[in-house]
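Please read all numbers here as calculations on a predicted model, not as lab measurements. Values reported hereafter were calculated over all heavy atoms of this structure, with side chains retained and with hydrogens, waters and symmetry mates removed.
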Amino acid sequence: MDKNRPLPQGDTFDPYREKDFLRRKAEGFPKPIYPNTILVTDAYMGYIYGTDEFKQRLSKIKHRIVYYYDRVSWYCKKHEIEIPNDNDLVLIGIWKKQFVFKLFAPENVEYIVLPDDTVLTDCFLCDSNTAEVKYIK
């Protein structure tokens, strides 16, 4: 197991998940030792790093983050938008019930709920109800 990655999914690791996250954070989130193409965020692996409001809204959404990531990745391939590395597509937060993903966004930044009056640019939106994806220039 790669100690620089979040713990695997599953109830067995739940008691250790936050402590492991804080350990990696204290170490400056070192790069993974082994390559992995399915890692998106800590949230995908079971620990949500974000504001309390973000965690509360996220807990009400039925689907998992990886599903939305897959939808955005599919959208990019369909529209010939190049993603050099799977880890370059980053979830940054929620805006009007939509997940906001960006290419090449900073890693390990706290997720937020973006105010409804925020003007978004250069990002992918994935609707949490319909899973429809669109790109905002």
Side-chain angles (χ1 to χ4, degrees):
M1 190 167 109
D2 189 340
K3 69 176 187 157
N4 294 345
R5 292 195 186 278
L7 291 170
Q9 298 178 45
D11 298 341
T12 306
F13 296 104
D14 285 349
Y16 312 101
R17 205 168 301 286
E18 183 171 2
K19 191 181 274 189
D20 178 66
F21 174 82
L22 296 174
R23 176 193 57 80
R24 288 183 297 105
K25 182 178 179 183
E27 294 173 1
F29 294 104
K31 292 285 182 192
I33 298 168
Y34 307 107
N36 183 349
T37 59
I38 62 166
L39 178 67
V40 180
T41 63
D42 274 342
Y44 165 67
M45 299 304 289
Y47 184 81
I48 307 299
Y49 182 41
T51 62
D52 289 339
E53 184 183 1
F54 180 86
K55 292 177 193 178
Q56 183 180 20
R57 287 189 53 186
L58 193 59
S59 70
K60 295 177 182 176
I61 295 172
K62 296 177 183 178
H63 299 290
R64 296 173 47 182
I65 288 177
V66 69
Y67 171 72
Y68 296 111
Y69 169 81
D70 288 344
R71 292 291 299 165
V72 175
S73 179
W74 168 83
Y75 177 90
C76 290
K77 289 173 186 164
K78 182 178 176 186
H79 292 88
E80 298 181 1
I81 298 169
E82 186 177 345
I83 304 176
N85 180 326
D86 285 345
N87 294 330
D88 291 337
L89 189 58
V90 180
L91 171 69
I92 62 168
I94 297 177
W95 179 76
K96 294 184 180 179
K97 295 185 179 180
Q98 297 181 78
F99 286 105
V100 181
F101 289 87
K102 281 197 170 199
L103 279 173
F104 314 113
E107 294 180 22
N108 304 310
V109 174
E110 188 168 292
Y111 308 131
I112 57 171
V113 176
L114 301 159
D116 287 352
D117 60 352
T118 302
V119 177
L120 298 176
T121 59
D122 191 32
C123 65
F124 298 91
L125 299 180
C126 190
D127 190 287
S128 62
N129 294 322
T130 64
E132 180 184 347
V133 178
K134 62 183 171 184
Y135 177 70
I136 304 292
K137 288 186 180 186

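- The distance from atom SG of C123 to atom NZ of K137, rounded to the nearest 0.5 Å, is 13.0 Å.
- The ring-ring contact (aromatic ring centres under 6.0 Å, His included) check on F104 picks up nothing, with sequence neighbours excluded.
- Annotation: the span from D20 atom CG to K3 atom NZ amounts to 10.5 Å, rounded to 0.5 Å.
- Not counting sequence neighbours, P15 has no partner by the side chain to side chain contact (heavy atoms under 4.5 Å, CB included) test.
- With a 4.5 Å cut-off on side-chain heavy atoms, I94 and F99 count as touching.
- Atoms CD and SG, from Q98 and C126 in turn, are 8.0 Å apart once rounded to the nearest 0.5 Å.
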Between R71 and W74, is the side-chain contact (heavy atoms from CB on, under 4.5 Å) condition met? List the steps.
CA-CA 5 Å; R71 292 291 299 165; W74 168 83; 3.8 Å; yes
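- Scanning for side chain to side chain contact (heavy atoms under 4.5 Å, CB included) contacts around I112 gives T51, L114, with sequence neighbours left out.
- Under the salt bridge (charged side-chain N to carboxylate O under 4.0 Å, His left out) criterion, E27 pairs with R23, not counting sequence neighbours.
- Here K19 contributes atom NZ and Y16 contributes atom OH; the two are 9.0 Å apart, rounded to the nearest 0.5 Å.
- Residues passing the side-chain hydrogen bond (donor to acceptor under 3.5 Å, both in side chains) test with N4: none are found, sequence neighbours excluded.
- Across every non-hydrogen atom of W95 and D116, the tightest pair is NE1-O, 3.4 Å.
- Scanning for side-chain hydrogen bond (donor to acceptor under 3.5 Å, both in side chains) contacts around Y135 gives D122, with sequence neighbours left out.
- Under the 4.5 Å side-chain criterion, counting only non-hydrogen atoms from C-beta, R24 is in contact with F21.
- How far OH of Y68 is from CG of L91: 11.0 Å, rounded to the nearest 0.5 Å.
- Separating the CG atom in L89 from the CD1 atom in I81 is a distance of 10.0 Å, to the nearest 0.5 Å.
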